[in-house]
Amino acid sequence: MLETTFSIIKPDAVSRNLTGQIISRFEAQGLKVVASKMLQLTQAQAEGFYAEHKGRDFYEPLVAYMISGPIVVQVLAGENAIALNRQIMGATNPEKADMGTIRKDFALNMRENSVHGSDSPASAAREISYFFSQTELCLR
Ligand code: CMP
């Protein structure tokens, strides 16, 4: 099924100049960038994006980290894009991520884990619309 998913290249990866290498991995494995922008999140934007984690012990440090520097937000399209993106990223904890995944190769730790990707069609829809209007998606 042709799907779209939402991706973030996080501050730890952008600051280490890994943006191009990460996008190349998505492209090499069949995902197409159909929208992309670099931005600096505000505290309110980061809190809203991660609202489902509010109250967890990692929430406040996660928000502080996500506003520590610029990020790249993207919409990726392809066959089974949501699952494929998660496979390319690897497990949240880089110590548990499979060989050859982005997080295994680049993530610093469980928080500074280089990338985010939607975990379901409902999350993808919410997350895409959090950062992009429909007219910003180049789907044709
Ligand atoms: P992400 O896919 O963006 O979704 C939530 C983020 O919270 C996750 O990636 C990590 O950056 C962070 N995170 C999740 N669990 C933990 C944890 N146990 N400790 C620290 N950070 C975490």
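Order of listing sets the numbers, starting from 1, for every ligand and every atom in it.
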Identity and separation of the nearest protein heavy atom to atom 7 (O) of ligand 1: L62 CD2, 3.3 Å
Atom 4 (O) of ligand 1 - nearest protein heavy atom and its distance: Y50 CE2, 3.7 Å
Ligand 1 contacted by Y65 (non-hydrogen, < 4.0 Å): no
E112 and ligand 1 - part of the residue with a heavy-atom distance under 4.0 Å: neither
Contact partition for K10 relative to ligand 1, non-hydrogen atoms under 4.0 Å: side chain
Protein heavy atom at shortest distance from atom 20 (C) of ligand 1: F58 CB, 3.6 Å
Short N-O contact, D105 and R25, less than 4.0 angstrom: yes
Ring center gap for F131 and F6 short of 6.0 angstrom: yes
N/O separation below 3.5 Å, H116 to ligand 1: yes
Heavy-atom gap R103 to ligand 1 smaller than 4.0 Å: yes
K37 bridged to E136 by N-O distance under 4.0 Å: yes
Which of the ligand 1 atoms, numbered from 1, are nearer than 4.0 Å to a heavy atom of N113: 8 (C), 9 (O), 10 (C), 11 (O)
Over-ring placement of R126 relative to F49, 6.0 Å and 45° cut-offs: yes
Short side-chain donor-acceptor distance under 3.5 Å, Q74 and S36: yes
Enclosure of D98 CG (heavy-atom neighbours >12, cutoff 6.0 Å): no
Heavy-atom nearest neighbour in the protein, as seen from atom 18 (N) of ligand 1, with distance rounded to 0.1 Å: M110 CE, 3.4 Å
Contact summary for I82 and T4, nearest pair of heavy atoms: CG1-O, 3.9 Å
Within-cut-off N or O pair, T92 and ligand 1, under 3.5 Å: no
Q40 atom CD: more than 12 heavy-atom contacts under 6.0 Å: yes
